[in-house]
Amino acid sequence: MFLTMNKSLKIWMNGELIDWNDAKIHILSHVVHYGSSIFEGIRCYETTKGSAVLFLNEHIRRLRDSSKIYRIEIPYSEKELKEAVISTIQSNSHKACYVRPLVYRGQGALGVNPHRASIEVAIATWEWGTYLGEDVLETGVDVRVSSWNRLAPNTLPSWAKAGGNYLNSQLVKMEALMDDYAEGIALDVNGYVSEGSGENIFIVRDNVLFTPMSAQSILPGFTRGAVIRIASELGYEVKETMIPREALYVADEVFLTGTAAEITPVRSIDKYPIGNEKRGPVTEALQHEYLKIVQTGKDPYGWLTFI
Ligand code: PPE
């Protein structure tokens with residue numbers, strides 16, 4: 001198989017560490033047909049004090065929340081899942097990596113009714129650099145507003161990080177890439193700014209930060225939470241509020257946040273230049289504080305789990 005990702009040695013499946021090549025599922029697994037999976041995306045950083053997982057407790061809790069929403073009974077406790085994440089990282093000898101815990105409905109019977117399928121749990125790790133292209137943490141990315149809206153409330157719950165939600169993300173992403181944009185920003189069904197295909201979004205105007213509310217079809221991200229906290233510590237006002245599309249175009253700064261994307265500046269939207277078309281000072285200050293924590297391991301907030 002042609003692989004453009006860095007293969008690691010072992011994948012944790014249902015309690016056992018097995019070889020990467022053996023981590024397979026059956027074609028009649030429920031998840032393949034109906035998108036019935038929930039997952040997380042976690043980063044482990046190499047800090048000067050050793051390797052540490054960022055927001056491990058929070059990610060496992062969100063996996064629990066997703067499982068509750070979809071009535072999936074995970075056969076492992078949160079403690080067991082955290083230990084499994086750590087042992088998967090260790091067994092692959094990673095210093096830094098991305099971690100993908102995945103819970104999915106497996107074999108049993110097909111048909112929409114999910115309760116007849118088994119519940120399977122896997123944890124994979126791989127080494128993942130910058131998410132939206134090289135050097136973008138400094139230069140910023142060009143994005144567009146998507147013609148696709150984010151999930152409407154009361155259709156697919158956006159607080160659950162479920163596999164099926166990412167069909168919408170794929171439409172947003174493919175449309176953006178086709179026109180040479182790095183990412184698409186989706187509006188919610190009411191036409192207000194929601195989020196990127198795999199990131200939350202912030203705008204800065206007159207030194208005030210604005211980000212969509214958690215009820216606006218977003219995944220309430222931990223990087224978003226970290227930015228809100230760091231910005232407050234740095235003395236910036238942060239408003240979680242509805243953002244009209246045009247506020248994007250006239251913002252002083254715009255940036256995207258996510259585990260994979262970290263804090264990525266946006267330099268243009270729909271070909272409108274944002275600020276000076278490079279990383280702005282507020283974005284830089286926030287990036288600096290965020291990266292300082294994961295690089296030095298000095299963690300005033302208790303976000304890191306050293307392994
Ligand atoms: N919104 C969406 C839709 C999303 O997928 C992510 C994470 C976020 C917001 C930010 O959440 P957080 O990571 O807790 O700050 N996207 C993950 C998956 C990316 C992928 O391509 O897969 C990620 O960043 O790990």
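First listed ligand is number 1; within each ligand, the first listed atom is number 1.
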Report, in ascending order of atom number, the atoms of ligand 1 lying under 4.0 Å from any heavy atom of [X].
X	result
N200	9 (C), 10 (C)
Y98	17 (C), 18 (C), 23 (C), 25 (O)
T223	12 (P), 15 (O)

(message) Out of the candidates I185, T264, V266, only one should pair with V254 under the side chain to side chain contact (heavy atoms under 4.5 Å, CB included) rule; please name it.
(response) V266
What's the shortest distance from [atom] to any protein heavy atom, and which residue and atom give it?
atom	value
atom 21 (O) of ligand 1	Y131 OH, 2.5 Å
atom 17 (C) of ligand 1	K161 NZ, 3.3 Å
atom 11 (O) of ligand 1	G221 CA, 3.4 Å
atom 24 (O) of ligand 1	A260 N, 2.9 Å
atom 14 (O) of ligand 1	F222 N, 2.8 Å
atom 22 (O) of ligand 1	R100 NH2, 3.1 Å
atom 16 (N) of ligand 1	G198 O, 3.2 Å
atom 1 (N) of ligand 1	E195 OE1, 2.7 Å

(request) Determine, using ring centers only, whether Y166 and F39 are less than 6.0 Å apart. (result) yes
(message) Under the side-chain hydrogen bond (donor to acceptor under 3.5 Å, both in side chains) definition, can you give me all pairs with a residue in residues 201-220, not counting sequence neighbours?
(response) D188-Q216
(message) Pairs of nitrogen or oxygen atoms closer than 3.5 Å, one from S169 and one from ligand 1: do any exist?
(response) no
(request) Could you tell me whether Y166 and ligand 1 have an N or O pair separated by under 3.5 Å? (result) yes
(request) Kindly indicate whether the side chain of E262, heavy atoms from C-beta on, has any atom under 4.5 Å from the side chain of T223. (result) no
(request) Would you indicate whether the side-chain heavy atoms of E199 and L132 approach each other to under 4.5 Å? (result) yes
Under 4.0 Å, heavy atoms only, figure out whether ligand 1 is touched by the backbone of [X], its side chain, both or neither.
X	result
Q170	neither
R150	side chain
S197	backbone
F55	neither

Answer with yes or no whether [X] contacts ligand 1, where contact means a heavy atom under 4.0 Å from a ligand atom.
X	result
E58	no
R62	yes
R43	no

(request) State plainly whether the residues R224 and E240 are in salt-bridge range, i.e. N to O under 4.0 Å. (result) yes
(request) Give a yes or no on whether a salt bridge exists between R61 and E58, defined as a side-chain N under 4.0 angstrom from a carboxylate O. (result) no
Would you confirm whether [X], through its side chain, and [Y], through its main-chain N or O, come within 3.5 Å as a donor-acceptor pair?
X	Y	answer
Q90	I307	no
T296	K292	yes
S118	Q107	yes

(message) If I take atom CG from residue L156 and atom CG from residue N168, how far apart are they, to the nearest 0.5 angstrom?
(response) 8.5 Å
(message) Within this structure, what is the CD1-CD1 distance for the pair I38 and I69, rounded to the nearest 0.5 Å?
(response) 9.0 Å
